[in-house]
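Below is one structure, written out as structure tokens; comments come after it.
Both counts, for ligands and for their atoms, begin at 1 and track the order of listing. Only a predicted model underlies this, so the values are computations on that prediction, with no experimental measurement involved.
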Amino acid sequence: MVEDLVIAIDGPAASGKGTLGRRLAAYYGLHHLDTGLTYRAVAKALLDAGDPLDDEKSAERAAHGLDFTQFDRAALSQHVVGEAASKVAVMRPVRQALLEKQREFARRPPGAVLDGRDIGTVVCPDADVKLYVTAGAAVRAERRWREIVEGGGAAEYDDILADVERRDARDMSRADSPLKPADDAHLLDTSEMDIETAFQAAIRLVDKALAGRNT
Ligand code: C5P
């Protein structure tokens, strides 16, 4: 087992970073945290309570009370929750509360893979390996649309594309911890790559970093 390895993965919605994170964690025997779920859980708490999504006090309370071992992935993966998450994610007190818990998670032996928007830049700036996973907006919207339709849901591609673009703009332009690649991140463009190819490319980068650590 590898000791205290931290892999940071950032990228926009539907770039493939979640699947990549899960597979890398399994491969290297590390913990895995999809930090998007933490923002989604805060948003869901507000939606369930009927609180407005700009209620900072309620959002901060929900963030502090969050249990990172209990995420209802099915409920949190709903499209409306993702939209709401990107709204609560602009609030500084929410980010501050989640940041501490995310860092705590990353410190647990034998190490962790964290994926999100600000992992390489803010949460784990000293990560052993940083990946920035991206793909064109049209490709990502197509993936989302396919996921929804194959899961039995109904969706219009144009609506999904508009949502993806709106969410990108919100995540990249916010003042606190905007989505951007860390200076030392490796870029992985998955527009024309399947998940297996992306996974193999990521393994090569991690193995190289590990070899460097051991010399
Ligand atoms: O990745 P996912 O789509 O689940 O993330 C939902 C929202 O949570 C993102 O659009 C973003 O606004 C926010 N988020 C964030 N920082 C992270 C992870 C997610 O701001 N590290």
Using heavy atoms and a 4.0 Å limit, tell me yes or no: is Arg174 in contact with ligand 1?
yes
In this structure, atom 21 (N) of ligand 1 is nearest to the protein heavy atom Asp118 OD1, 2.8 Å
Return yes when atom CG of Asp48 has more than 12 non-hydrogen atoms of other residues, nucleotides or ligands closer than 6.0 Å, and no otherwise.
yes
How about Asp207 and Tyr28: does a side-chain donor come under 3.5 Å of a side-chain acceptor?
yes
Nearest protein heavy-atom contact for atom 14 (N) of ligand 1: which residue, which atom, what distance?
Tyr39 CD1, 3.6 Å
So which protein heavy atom does atom 18 (C) of ligand 1 come closest to, and at what separation?
Thr35 OG1, 3.4 Å
For Arg167, the ligand 1 atoms whose distance to one of its heavy atoms is below 4.0 Å:
3 (O), 5 (O), 6 (C), 7 (C), 9 (C), 10 (O)
Region of Arg95 engaging ligand 1 - heavy atom pairs below 4.0 Å
side chain
If only atom types and distance count, is the side chain of Trp145 paired as donor or acceptor with the main-chain N or O of Ile160 below 3.5 Å?
no
Which ligand 1 atoms does Ala89 reach within 4.0 Å, using its non-hydrogen atoms?
12 (O), 13 (C), 20 (O)
Examine the side chains of Arg95 and Tyr39 and answer whether a donor and an acceptor come within less than 3.5 Å of each other.
yes
For ligand 1, which atoms, with element, lie under 4.0 Å from some heavy atom of Ala85?
6 (C), 7 (C), 8 (O)
Glu156, CD: over 12 other non-hydrogen atoms inside 6.0 angstrom
no
Contact region, Glu83 to ligand 1, non-hydrogen atoms below 4.0 Å, reads neither
For the residue pair Glu100 and Gln96, what are the closest heavy atoms and their distance?
CG-O, 3.2 Å
May I ask whether Gln102 places a heavy atom under 4.0 Å from ligand 1?
no
Under a 4.0 angstrom heavy-atom cut-off, which atoms of ligand 1 come close to Arg40?
2 (P), 3 (O), 4 (O), 6 (C)
Main-chain N/O of Ala135 paired with Ser15 side-chain donor or acceptor, under 3.5 Å
no
Do you see a donor-acceptor pair shorter than 3.5 Å between the side chains of Arg170 and Ser86?
yes
Look only at the side chain of Arg40 and the backbone of Leu76, and say whether a donor-acceptor pair between them is shorter than 3.5 Å.
yes
Please could you name the atoms of ligand 1 that Lys17 approaches to less than 4.0 Å, counting only its heavy atoms?
1 (O)
Between ligand 1 and Asp171, is the shortest N or O to N or O distance under 3.5 Å?
yes
Under 4.0 Å between heavy atoms, the region of Arg117 that gets near ligand 1 turns out to be both
